[in-house]
Amino acid sequence: MQERYEPSVLEPQAQAYWDGNGSFAVAEDPSRPKYYCLCMFPYPSGRLHMGHVRNYTIGDVITRYMRMQGYNVLQPMGWDAFGLPAENAAMANGVPPAKWTYDNIAYMKRQLQSLGFGIDWSREVATCRPDYYRWNQWLFLRMLEKGIAYRKTGTVNWDPVDQTVLANEQVIDGRGWRTGALVEKREIPMYYLGITKYADDLLGALNDLPGWPERVRLMQENWIGRSEGLEIEFDVEGGGTLGIYTTRPDTLLGVTYMAVAAEHPLAQRAAQGNPDLQQFIAECQRNGVTEAALETMEKRGMPLGIHAIHPISGERIPVWVANFVLMGYGTGAVMAVPAHDQRDYEFARRYGLRIHQVVQPADGSLARIDEEAYLEHGTLINSGQFDGLDFDEAFDAFAKLFEAQGRGKRRVNFRLRDWGISRQRYWGCPIPLIHCSECGVQPVPDDQLPVVLPEELVPDGSGNPLGKNAKFLECQCPKCGQPARRETDTMDTFVDSSWYYFRYASANNDRAMVDARAQYWMPVDQYIGGIEHAILHLLYSRFWTRVMRDLGLTQVEEPFANLLTQGMVLNEIYFRKPAEGRIVYYNPADVDVVLDDKGAPVGAVLRADGQPVETAGIGTMSKSKNNGVDPQSLVETYGADTARLFMMFAAPPEQSLEWSDEGVEGAFRFMKRLWRAVHQHVQAGPLEAVLDKTALSPVQRDIRRQVHEALRKITHDIGTRRTFNTAIAAVMELMNALAKFDDRSAQGRAVLQEALEIVVLGLSPVVPHACHALWHELGHAGAVIDERWPQVDADALMRDAIEVVVQVNGKLRGRVTVPASADEATVREAALADAGVLRYVDGKPIRKFVYVRGKLANVVV
RNA sequence: GCCGGGAUGGCGGAACUGGUAGACGCACCGGACUCAAAAUCCGGCGAGCUAAUCACUCGUGAGGGUUCGAUUCCCUCUCCCGGCACCA
């Protein structure tokens, strides 16, 4: 056996073995339990980053572990290949997005292979290939037929200089990222998918997802945002009505003003001939479109000089236009109750509007509405005949009254909005529609799918190049046959990622979107990806799956049975801020940390010039902060196993992970120790005896107990808890114990052989290359990848005596050793005889004796 | 602003169901080996108090509460991270 641990030699050998044997190419096999282990596919940005390495290592550990548990495991991989960065790269380098994307895919695929992930590459998909996105188009047309897809206007960011639509991230402080021009809001026609039709289903089914983290289910629940309220029509003085929706009808008598969106017809009408209003409305056009921008901006408004009539009191209620009311949400108008809504309260304070309390705490205490709005449900006051009602009674009373008058009705409302999928961009899936001057918008017939995106175009930042490409644009109307114009909008890339996991399971079928193979594999048993996808991607996928179910394409309703949301990968951020010019960021690899004599960091210097740099703490690895670590150099220096081991050891998967070069060194040291331990054992020659459990010395029995305790722990930690860090810690602890176990007797060596076999099997999902080699060295002809996960020997776990810690009044005062079978009375007797305990009991009467079996006793005096 | 999460030694983290706070690793310190260094191995390592590795006291972001017992449950607050619908 090679004495040195040489990953650069043994890793390619192990990978060649898996490739040569097709270890990870799987076929549908109804006779075996299936396990579909899926990682979120990467955007092919150019190189893998550490977040990918972390994500795919988690998936690979689970894949290999489940394989060893006897499952038929599918772990596929593909590419989320459409999107904005390819267009940005094209603009910067003049390279077509297609070429850039395909080159990146080729490079990143090699990187994935060098990390030893057990992927079935025969099922690879890339969403930018026509054989994939044709099914986006096909399903879109089915949704159009069923009325799930429909056309309406939507709001976009418009760069008036480049004459182009900007993504939210391309708007910086209200200006276009390339032109610096003030961005305008613009209403354009778009296609929407009716996800709100499924809102109740998507919400209710969250309860059927016990394998999802509670926090993700909560976020989705809040995102869908079901509310029950009342829709009420207010009459408008001088004719017409103003419709609003409220979840607080109990506060109706507290309405002191109404607010409408800038685009609301009432505001538009009032603005005619009123330059001040016109200017205010124009200013509202320049607000951002994101919810965060709307919520954090200064709340402003102007009175329209129009009044609504309160449907109960008959009072005249002034109508305002306000920048925080959006035309796209609900009716574009709200009733304002400053006494019982904080935003209305602040607005009323600012503009001197009346604050009228109509709810008081149910316990009769006083609400200080002179300080802030009172938001709780309570008892109605100042509401005439409705005084004294509670929230539910008031809700009912108002609902009945308005329903009888035909002025309003109960309505369930969702915060969730329909999904706008139109993008005015080139590098995406074409929306399969044709515009005919005679026949209007016509769907592309199925037999003409896919509408293929030309791959040679290079965007220049001024609008969608498809709009200037005659070859793409020109077509015939499928209805009348006359020349017509092809739709140039493409689909949101979330469409691509909403169903790719179905396609892996129906790979290469050019006749159908999905086939019977998907029936075998779906649903995904374990889905792994970043927490940043907790809402949008996961919700869209759940929606898309339901649409497929309703079209009879699948029987699955929930695509992902179990979800693991991994944390971010972080690193130090170092920078200098010159007196003039921009901040310069330095990569942590080029910075030395200065320590004090206790080893605590006190500063940092740039290695190149020895001068200090400032630290901005710790943050997500990113290009802009120059704090990324290249996985490639890591693999070249230490090998894939060390990279994988560090990633799994440094933090539990759901938490953020801080990069540490020293931590990587530590992982590498452990690999060398593991290698050496097996080497020493093998060098001592062949075993002289098989393990005889009945013939072991107390020390040998003790080691064996530790081995099987560690096995029990890592089985639980990998298989159930998914805390790979603690599993690895348990193996490290065991290795420390084995290092001290120097027993060359026949049984001693048999115990060590069993221990090392369990270590190698148990670590093989995490560091598969080294374990592949070590398994052979331990005398096995077969490959470790095909071995079964070892079984815990219950006999080995038996103990004769146990230690119980003893507290007096909750403070640790002693420890007693008792037989493992000892009952409470025995423990109590032993505890009260302990010298440390006696000192604190000190003859005082014992009020209580708490005993936690096998662990702890507490004497209360 | 809203929704979700987090905070434990010098650092990353452990404590799984309310029961020994600090497993494991890193850094640091001491020792062995070496001409020397690196590598490797052995030992120490929360703070205070102490002659002391005894004992004791304090200690899990801050403040309060529940409990025989709280890192864990409840309330209030601070800071950090993720999402907020056209980044993926």
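Proteins come first, then strands; the chains are lettered A, B, ... in the order of their sequence lines, and each starts at number 1.
Nearest nucleotide to the A:N222 side chain, out of B:C68, B:A85, B:G4: B:G4. Considering only side-chain atoms of A:T620, the nucleotide from B:A88, B:C81, B:A85 that sits closest is B:C81. Residue A:L84 places its side chain closer to B:C87 than to any other of B:G4, B:C58, B:C87. Here B:A39 is the nucleotide among B:A88, B:A39, B:A27 with the atom lying nearest to any side-chain atom of A:K672. Checking B:C84, B:C87, B:A55 against every side-chain atom of A:R839, the shortest atom distance belongs to B:A55.
The side chain to side chain donor-acceptor pair (under 3.5 Å) search around A:E346 returns A:Q342, not counting sequence neighbours. With sequence neighbours left out, the salt bridge (Lys or Arg N to Asp or Glu O under 4.0 Å) criterion links A:R217 to A:E214.
Atom CZ of A:F82 and atom P of B:C87 are 17 Å apart (whole Å). Between A:L538 atom CG and B:G82 atom C1' the separation is 13 Å, expressed in whole Å.
Residue A:N736 places at least one side-chain N or O under 4.0 Å from the OP1 or OP2 atom of B:G25.
Considering all non-hydrogen atoms of both residues, A:V859 and A:V806 come closest at CG2-CG1, 4.2 Å.
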Point to revise | Intra- and inter-strand pairs of RNA chain B in dot-bracket (Watson-Crick or G-U wobble, both distances under 3.5 Å; | for another strand) | key: (((((((..(((......[....))).(((((.......))))).(((.......)))..(((((..]....))))))))))))....

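For CZ of A:R853, the number of neighbouring non-hydrogen atoms (other residues, nucleotides, ligands) closer than 6.0 Å is 12 at most. Other residues, nucleotides and ligands contribute more than 12 heavy atoms inside 6.0 Å of the CD atom of A:E371.
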Under-3.5 Å N/O pairs linking protein and nucleotides 72-76 of chain B:
none

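A salt bridge links A:R350 with A:E298: the distance from a Lys NZ or Arg NE/NH1/NH2 to an Asp or Glu carboxylate oxygen falls below 4.0 Å.
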**Study point:** Contact letters for nucleotides 13-23 of chain B, in which S counts primed atoms plus P, OP1 and OP2 and B counts the base, heavy atoms under 4.0 Å
**Key:** SSSB--BB--B

Would you give me the side-chain donor-acceptor pairs under 3.5 Å for residues 649-664 of chain A, sequence neighbours excluded?
{"unit_1": "A:E654", "atom_1": "OE2", "unit_2": "A:T565", "atom_2": "N", "d": "3.2"}
{"unit_1": "A:E654", "atom_1": "OE2", "unit_2": "A:T565", "atom_2": "OG1", "d": "3.4"}
{"unit_1": "A:W659", "atom_1": "NE1", "unit_2": "A:D661", "atom_2": "OD1", "d": "3.1"}
{"unit_1": "A:S660", "atom_1": "OG", "unit_2": "A:E662", "atom_2": "N", "d": "3.4"}
{"unit_1": "A:S660", "atom_1": "OG", "unit_2": "A:G663", "atom_2": "N", "d": "2.8"}

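Glycosidic conformation of B:G12 is anti; the angle lies outside 90° of 0.
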